*Asks:* 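Supplied in structure tokens, the structure appears directly below.
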Amino acid sequence: MHPERFESWLTVGTHGLYCRPGGFHIDPHSAVNRAVITHAHSDHARAGHDHVLATRETLALMKARLGSAAKLGTQALGYGETLQVGDVTLRLVPAGHVLGSAQVVIEWRGRRVVISGDYKRSADPTNPPFELVPCDLFVTEATFALPVFSHGDAKGEVAKLFKSLKQFPERAHVVGVYGLGKCQRLIALLREAGYAEPIYLHGTLAACCQIYESFGVELGALKPATGAKREELKGAIVLAPPSAIADRWSRRMPDALTAFASGWMRVRARARQRGIELPLVISDHADWRELTRTIAETGAHEVWVTHGREDALLHHIQSTGCAGRALALIGRQDEES
Ligand SMILES: [Zn+2]
Ligand SMILES: [Zn+2]
């Protein structure tokens with residue numbers, strides 16, 4: 001192992017990214033002995049690890065979603081606290097993606113590596129903002145790593161939803177949201193904009209909302225959609241997982257108008273395919289401009305790309321004179337965006 005040759009001490013094996021001098025994996029995609037988890041989305045937090053280290057929020061969300069966060073033991077690390085793990089120093093700093101999401105900062109023999117996990121730079125009332133950490137090697141996500149992706153201002157998208165509610169006051173506005181992150185961010189954005197009505201939830205969304213609230217994120221009045229009177233749901237905002245908006249479930253709503261809050265809604269064809277009347281471009285991931293800006297701001301002379309579209313970003317990185325590498329980790333999926 002040599003500190004300046006990152007691939008000698010940060011290796012990519014069958015379980016994913018492994019820090020040799022620390023003796024742990026980061027977001028491994030199959031069960032390992034020691035895992036450091038950036039956040040609770042399923043493409044990062046898998047079940048079955050013996051030991052898991054993460055933020056308290058991430059551990060709580062993993063427990064709710066997976067049954068347990070680890071088989072043998074968990075260790076919570078707060079943002080900014082440092083910990084000696086094996087021969088490395090480890091720190092978690094906010095990634096601005098979802099509740100508890102963290103970048104993993106590893107230092108070994110004078111070199112600093114930052115593994116971003118998923119991140120965004122735009123404001124989100126439900127979790128602390130992304131913190132920039134200068135580093136030698138930056139490992140970045142790449143979910144929306146094409147110049148066509150520009151997410152714009154989430155407040156403007158929320159305004160579109162209000163406009164539609166005004167225009168169609170009799171229709172239930174059924175908005176597809178990912179259960180962890182997007183759901184709570186959209187609720188918080190609605191509240192910030194002054195919306196005080198109860199917001200109705202598909203049953204699968206309640207658990208994560210409760211965890212957000214237990215960590216002090218106020219979401220206002222939430223009611224289960226199932227069992228609510230038809231009359232009550234006219235002109236109401238109903239949140240549901242993407243899988244439910246196209247099926248029988250949403251047809252029970254009074255004259256449902258279907259919306260979907262996702263960075264993918266920038267692609268019109270995706271919205272059409274899903275039969276979405278009101279696409280809302282709200283993303284919890286960095287867009288192209290945020291990705292390239294963040295990479296530049298870290299000052300890293302080497303950048304590894306993972307979790308998404310690697311080619312265009314790799315090309316961009318190399319054009320700026322940095323060393324770039326696509327990790328092409330197996331077992332990933334783009335479930336949550
Ligand atoms: Zn994620
Ligand atoms: Zn991800």
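When reading the values below, keep in mind they use all heavy atoms of this one structure, side chains included, and skip hydrogens, waters and symmetry mates. One-based numbering, in listed order, for ligands and for the atoms of each. Values in this document were obtained by computation on a predicted structure and should not be read as measured data.
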*Asks:* When you measure from the Zn ion (ligand 1) to each N, O or S atom of H41, which atom gives the shortest distance?
*Replies:*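 Going through the N, O and S atoms of H41 one by one, ND1 ends up nearest to the Zn ion (ligand 1).
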*Asks:* Take R121 and E290, measure what side chain to side chain contact (heavy atoms under 4.5 Å, CB included) needs, and give me the verdict at the end.
*Replies:* CA-CA 7 Å; R121 305 294 298 268; E290 287 177 38; 3.3 Å; yes
*Asks:* Is it the case that the ring center of H29 lies less than 6.0 angstrom away from the ring center of H15?
*Replies:*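 Ring centroids of H15 and H29 are no less than 6.0 Å from each other.
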*Asks:* Among the N/O/S atoms of D43, select the one at the shortest distance from the Zn ion (ligand 2) and name it.
*Replies:*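 Going by distance to the Zn ion (ligand 2), the closest N, O or S atom in D43 is OD2.
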*Asks:* Specify whether an N/O/S atom of H285 falls short of 2.8 Å from the Zn ion (ligand 1).
*Replies:*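 Checking H285: none of its N, O or S atoms is under 2.8 Å.
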*Asks:* N/O/S of H44 less than 2.8 Å from the Zn ion (ligand 2)?
*Replies:*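 Looking at H44, which is the residue asked about, there is an N, O or S atom under 2.8 Å from the Zn ion (ligand 2).
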*Asks:* Which atom, counting only N, O or S, brings D118 closest to the Zn ion (ligand 2)?
*Replies:*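 The Zn ion (ligand 2) is closest to the D118 atom OD2, counting only N, O or S.
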*Asks:* Is it the case that the ring center of H151 lies less than 6.0 angstrom away from the ring center of H285?
*Replies:*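 That pair fails the under 6.0 Å test.
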*Asks:* Centre-to-centre under 6.0 Å for W264 and F149, is that the case here?
*Replies:*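 W264 vs F149: aromatic centres under 6.0 Å.
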*Asks:* What about W9 and H2, are their ring centers closer than 6.0 Å?
*Replies:*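 No, they do not, as the ring centres are separated by 6.0 Å or more.
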